[in-house]
Amino acid sequence: MALKFWNGAACLVIIAFQGCSSSGTKPEAAAQSGSGRGGAAQVGRYDPADAAAQGQQRARGAADAAMGYRAPSERVIYFEYDSDDVLPEYVPLINAHAAYLSANPKRVATLEGHADERGSSEYNVGLGEQRARAVARMLGLQGVSEGQLQIVSYGEEKAADLGHDEAAWQRNRRVEINYTGR
Amino acid sequence: MRQPHSRRRFAARLWCLFAGICWLGLAVAEVSLKITEGVEGATPIAVVPFGGAQGGDNIGAIVAADLERSGRFTPLPVSAMLEQPTQPSEVRLRSWQTLGQDYLVIGRVQPGGGERYVAEFSLYDVLKDAPLLEQRLPFAGAEQRRAAHRIADIIYQQLTGEAGGFAAPVAFVTVSGRSAQERKYQLQIADADGFGAHTVLSSREPIMSPAWSPDGTRLAYVSFEQGSSAVYVQTLATGARVVVSERKGINGAPAWSPSGQELALTLSKDGNPDIYVMAIDSRALRRLTDSPGIDTEPAWSPDGRSIVFTSDRGGRPQLYRMSAAGGQAQRISYEGDYNARGAYSPDGRYLAMVNGSGGRYRIAVMNLATGALTHVSRGPLDESPGFSPNGRMLLYAARIDGAARLVATPLAGGREQVLQIGPADARQPAWSPRE
């Protein structure tokens, strides 16, 4: 009896670990299919080659922005589930906004933090704010003055995509950079 | 801000291991939930449709629905009734005995002059063949549903010795409009069965987290109407409202102290979301938590001594408890990888929460003496749990076929009921502690 139990327990432990490692890769796979399908969100997996290409593209935007002509047209940064870590592929985009803000010291950016609908509403407000602060910190490191940045978190209250699947959730875990002032 | 990635991942693995082990225990808990899910042990009661002219639903039907929702009674369907007496002189208890009923309720509505009416009702003990209660309840025409809920309260109290709470209203937020431009948020109050909703606040910007004052006369809530979050307190009888907090960053998750003198809040003015307590009269603030991550969703224990809150200080959101006077916080939730939004039962013995595991978010109730956790909802996207005034039921928000709905479920088992509020999404319910 006792032996049987430990056998069962060992199986469970193995299942737990396997389940865990597969669930660890799942969001990335889902992220890929999501961005492929929807196109609105460029989220998910970090592929160095891909990121370099995107980085170059964004760097061109950054050059424009550095000239002070216009704000980068891409204004949304997407996040992984329950995370406020800025994914490496968004660093060039954030740098482009930093360059634009530095060149236009009278412009003010509102960083709007959002979360997907899963979990608890007020926790999600906290999560959205942590995401917006993570972006603000990176802009700050690039020399953007604190006075040019405002932060507001809506948590799960202002979904960009009203769906209830992983593709929709991905598009909702985001920080939007919106410009005000001149 | 956060733990390094590798540490978090290791912690996640540990959690999976722990969750795997817990799975055995959970499976057992689920079976027991299934067993109690029937209406076994619920008392059969016949509530005959009330006689006399009535606008809208029959009072008897509203009373029967309230009693059924409690999970403690099984009302006899009207179609199964052999007769429908409305006067005591017409009652023959023997025939209700044959139908296997323990109790019988009859009643009628009579004009009371102008817009006034009087509901007269009687409760019988069928087995003892004796009347238990006879009462008259005057009401204004517009308050017929409210009167019906009061009658259900009186009957429930008489038969169980406990308050029913059927006449206590529920506050919630509706969201309508498919696009961001059309989106409209409304703070509404309705009867606990979802009927009679009226709007307290309407906004193009989000409204969140309604919380009743302990005396049921005021609502605290979060509104983004000024472009960022602020906490308001609104007196319901007059509609007068004041902003009690509009600091930089988050102003959220208001929770009244049991005395009604203080509000616990989440503020991020000092850099990240932490819990503060504000004296409502003086607006003086006292800081309770100071962790680098997210601390939010404070809930007071009914004795006012402790505060439970959600924190991701351990990497993932879990529930912690600390003295309302300040000090160290102790983690109290361990099952599943996500526990948030604690809500105390009125007697302080249980804590309801959002419990997430394997991507499924369900409402669970923890026995605070033993730590045992029981799931009371199926998920997959349930949130915002709260207890009924008598602690016998839970009200929470769920996604059902893509729509946001409010669900009431008896804790001791019984059918869950979706509140009929309307086509708009309904979220973040809060059940008033008072009628």
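Letters A, B, ... are given to chains in the order of the sequence lines, protein chains preceding strands, and every chain is numbered from 1.
Of the atoms belonging to B:Ile250, heavy atoms from both backbone and side chain fall under 4.5 Å from chain A. For B:Val173, no part lies near chain A; criterion is any non-hydrogen pair under 4.5 Å. For a residue to count as touching a neighbouring chain, one of its non-hydrogen atoms must lie under 4.5 Å from one of that chain's; by this rule B:Thr266 does not touch chain A. Using a 4.5 Å cut-off between heavy atoms, A:Gln150 makes no contact with chain B at all.
When all heavy atoms of A:Glu129 and B:Asn272 are compared, the closest pair comes out as OE1-CA, 4.4 Å. The heavy-atom pair separating B:Glu297 from A:Ser121 by the smallest distance is OE2-N, 4.2 Å. Among all heavy-atom pairs drawn from B:Ser228 and A:Val152, the shortest one is CA-CG2, 4.0 Å. In plain terms, the two heavy atoms of B:Ser209 and A:Glu122 that are nearest each other are OG-OE2, 2.5 Å. The shortest heavy-atom contact between B:Pro273 and A:Gln130 is CD-OE1, 3.8 Å.
Comparing A:Leu162, A:Val125, A:Thr110 by how many heavy-atom pairs each has under 4.5 Å with chain B, the most go to A:Leu162. Top candidate by heavy-atom pairs under 4.5 Å with chain A, chosen from B:Thr296, B:Asp382, B:Val175, is B:Thr296.
The shortest distance between side-chain heavy atoms of B:Glu383 and A:Glu156 falls below 4.5 Å. A:Ile151 places none of its side-chain heavy atoms less than 4.5 Å from the side chain of B:Lys248. Using a 4.5 Å heavy-atom cutoff, the side chains of B:Ile294 and A:Leu127 are in contact. For the pair B:Tyr361 and A:Glu117, the minimum side-chain heavy-atom distance is 4.5 Å or more.
Taking the six-membered ring where the residue is Trp, A:Tyr154 and B:Phe224 present tilted rings, their angle falling between 30° and 60°.
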Could you go through A:Tyr123 and B:Arg341, starting from their C-alpha distance and side-chain angles, then the distance that decides it, and tell me whether this counts as side chain to side chain contact (heavy atoms under 4.5 Å, CB included)? CA-CA 8 Å; A:Tyr123 177 78; B:Arg341 232 316 283 258; over 6 Å; no
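Ion pairing between a basic and an acidic side chain is recognised when a charged N comes within 4.0 Å of a carboxylate O; A:Glu157 and B:Arg183 show no such pairing.
A donor-acceptor pair under 3.5 Å links the side-chain atoms of A:Arg133 to the main chain of B:Gly271, judged by distance alone. B:Tyr338 places a side-chain N or O within 3.5 Å of a backbone atom of A:Ser120 that can act as its donor or acceptor partner.
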